[in-house]
S.K.: 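Got a structure for you, questions after.
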Amino acid sequence: EISACLVGSEMCIRDRPLRILDAGGGPGRYTIWLAERGHQVTLVDLSPRSVALARDRVDAAPDSVRRNVEAVVEGSITDLAAFPDASFDAVLCLGAPLSHLIDRGSRQRAIAELRRVTRPSGLLFVSVTNRIGAYRGVVQWWSPDWARTWIQELRTTGITDRDDEVPWYLFLPEELDGLLSEAGLIVERLYGCEGIGSHLQEEMLLAVMDDPVVWPIWRDVLLETCDHPNVAGSTRNILAVARRLD
């Protein structure tokens, strides 16, 4: 996700240090990555366990990284009242935390809050789980015990709520675009997070990565095509890059 963000968007974070919010940042994967590159990062996540893991990772990082992590705090993406308006140059909401908000009103509140704390002209990077990609996943991980009912429930509700999982709301690409646009954001691009490699056999993908000749070519093709509408509409996860204009 972060590679697609930075390669495909017009935002060049290497030009200067930015103040960034990692909303729903979990155990700090993106926070650490950005802090290593000189950006001032704040992580907020709803899970106490994830926040504790993120703090441990930050504590274990070199001084140069720790200095760039402003805070790691517990909180919800639907309520960012701890942060003033226009606090951040860019806001991340990656790993599909928005898909854990089952009702539309909660999703609208989250996007409104993410927009509010972004400065004018700043960018938001928001990923969600893709419903069309999930239909393909039914075949990839076929199990007749659950697939026969699950796929029909997903078609009618957009929600997956199997007993062994927390509920997820799975977006159609146009839903994500519409949700961001309704909040007054300009959607600059939609990416397929996994690109054309989505749903391919893992052992074959690993073999390609191990090939020193083929892998660089394949990687370039992945990046060149990750924002193609047909690719963004069929991968497991969708990433939107949106801009706040006012």
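Residue numbers run from 1 in the order of the sequence given.
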S.K.: Looking at Asp85 and Arg115, is any side-chain nitrogen of the basic one under 4.0 Å from a carboxylate oxygen of the acidic one?
M.R.: no
S.K.: Mind running side-chain contact (heavy atoms from CB on, under 4.5 Å) on Val208 and Trp218 for me, showing each step along the way?
M.R.: CA-CA 8 Å; Val208 169; Trp218 172 256; 3.8 Å; yes
S.K.: Angle between ring planes, Trp168 versus His100, binned at 30° and 60°: parallel, tilted or perpendicular?
M.R.: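 Tilted, since the angle between the ring planes falls between 30° and 60°.
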S.K.: Glu194: what forms a salt bridge (Lys or Arg N to Asp or Glu O under 4.0 Å) with it, not counting sequence neighbours?
M.R.: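 Testing Glu194 for salt bridge (Lys or Arg N to Asp or Glu O under 4.0 Å), a comparison that skips the adjacent residues, returns none.
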S.K.: Quick check: do Phe171 and Thr129 have side-chain heavy atoms less than 4.5 Å from each other?
M.R.: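 Phe171 does not reach Thr129 side chain to side chain.
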S.K.: Any link between Val91 and Leu179 through a network of hydrophobic side chains (Ile, Leu, Val, Met, Phe, Trp, Tyr) touching at under 4.5 Å?
M.R.: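 Yes; tracing contacts between hydrophobic side chains, which count when under 4.5 Å, links both residues.
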S.K.: Is a salt bridge present between Asp89 and Arg19, judged by a nitrogen-to-oxygen distance below 4.0 Å?
M.R.: no
S.K.: Mind jotting down which residue pairs meet the salt bridge (charged side-chain N to carboxylate O under 4.0 Å, His left out) criterion with at least one end in residues 198-222? Sequence neighbours excluded, please.
M.R.: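 Matches after skipping sequence neighbours: none remain.
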S.K.: Would you please say whether a donor-acceptor pair under 3.5 Å links the side chains of Asp22 and Thr31?
M.R.: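 Side chains of Asp22 and Thr31: pair found under 3.5 Å.
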S.K.: With Arg29 as the cation and Trp33 as the aromatic partner, state whether NZ or CZ is under 6.0 Å from the six-membered ring centre and within 45° of the axis.
M.R.: no
S.K.: Give the intermediate values and the outcome of side-chain contact (heavy atoms from CB on, under 4.5 Å) for residues Glu175 and Arg131.
M.R.: CA-CA 10 Å; Glu175 284 185 283; Arg131 195 182 310 177; 3.0 Å; yes
S.K.: Evaluate the side-chain contact (heavy atoms from CB on, under 4.5 Å) criterion for residues Val58 and Val65: first the C-alpha distance (whole Å), next the side-chain angles of each, then the deciding distance (0.1 Å), finally the verdict.
M.R.: CA-CA 7 Å; Val58 172; Val65 174; 6.0 Å; no
S.K.: Could you work out, with salt bridge (Lys or Arg N to Asp or Glu O under 4.0 Å) as the rule, every residue matching Arg136, not counting sequence neighbours?
M.R.: none
S.K.: Side chains of Ser106 and Asp103: do they bring a donor and an acceptor to under 3.5 Å?
M.R.: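 A pair is found: one side chain offers a donor N or O, the other an acceptor, under 3.5 Å apart.
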S.K.: Salt-bridge test for Glu182 and Arg104: reply yes if a basic N is under 4.0 Å from a carboxylate O, no otherwise.
M.R.: yes
S.K.: Quick one: do the Arg119 and Ser121 side chains pair a donor with an acceptor below 3.5 Å?
M.R.: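 Per modelled atom types, Arg119 and Ser121 side chains form a pair under 3.5 Å.
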S.K.: Report whether Ile77 and Ile102 are members of the same hydrophobic cluster (ILVMFWY, side-chain heavy atoms less than 4.5 Å apart, transitive linking).
M.R.: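 Looking at the clustering, Ile102 is in the same group as Ile77.
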S.K.: State, without any angle test, whether Ser64 and Asn68 hold a side-chain donor-acceptor pair at a distance under 3.5 Å.
M.R.: no
S.K.: Is it the case that one hydrophobic cluster holds both Ile196 and Met209, taking links as side-chain heavy atoms less than 4.5 Å apart, direct or via other members?
M.R.: yes
S.K.: Could you walk me through whether Leu185 and Leu124 satisfy the side-chain contact (heavy atoms from CB on, under 4.5 Å) test, starting with their C-alpha distance in whole Å, then the side-chain angles of each, then the deciding distance to 0.1 Å, before giving a yes or no?
M.R.: CA-CA 9 Å; Leu185 295 161; Leu124 286 81; 3.8 Å; yes
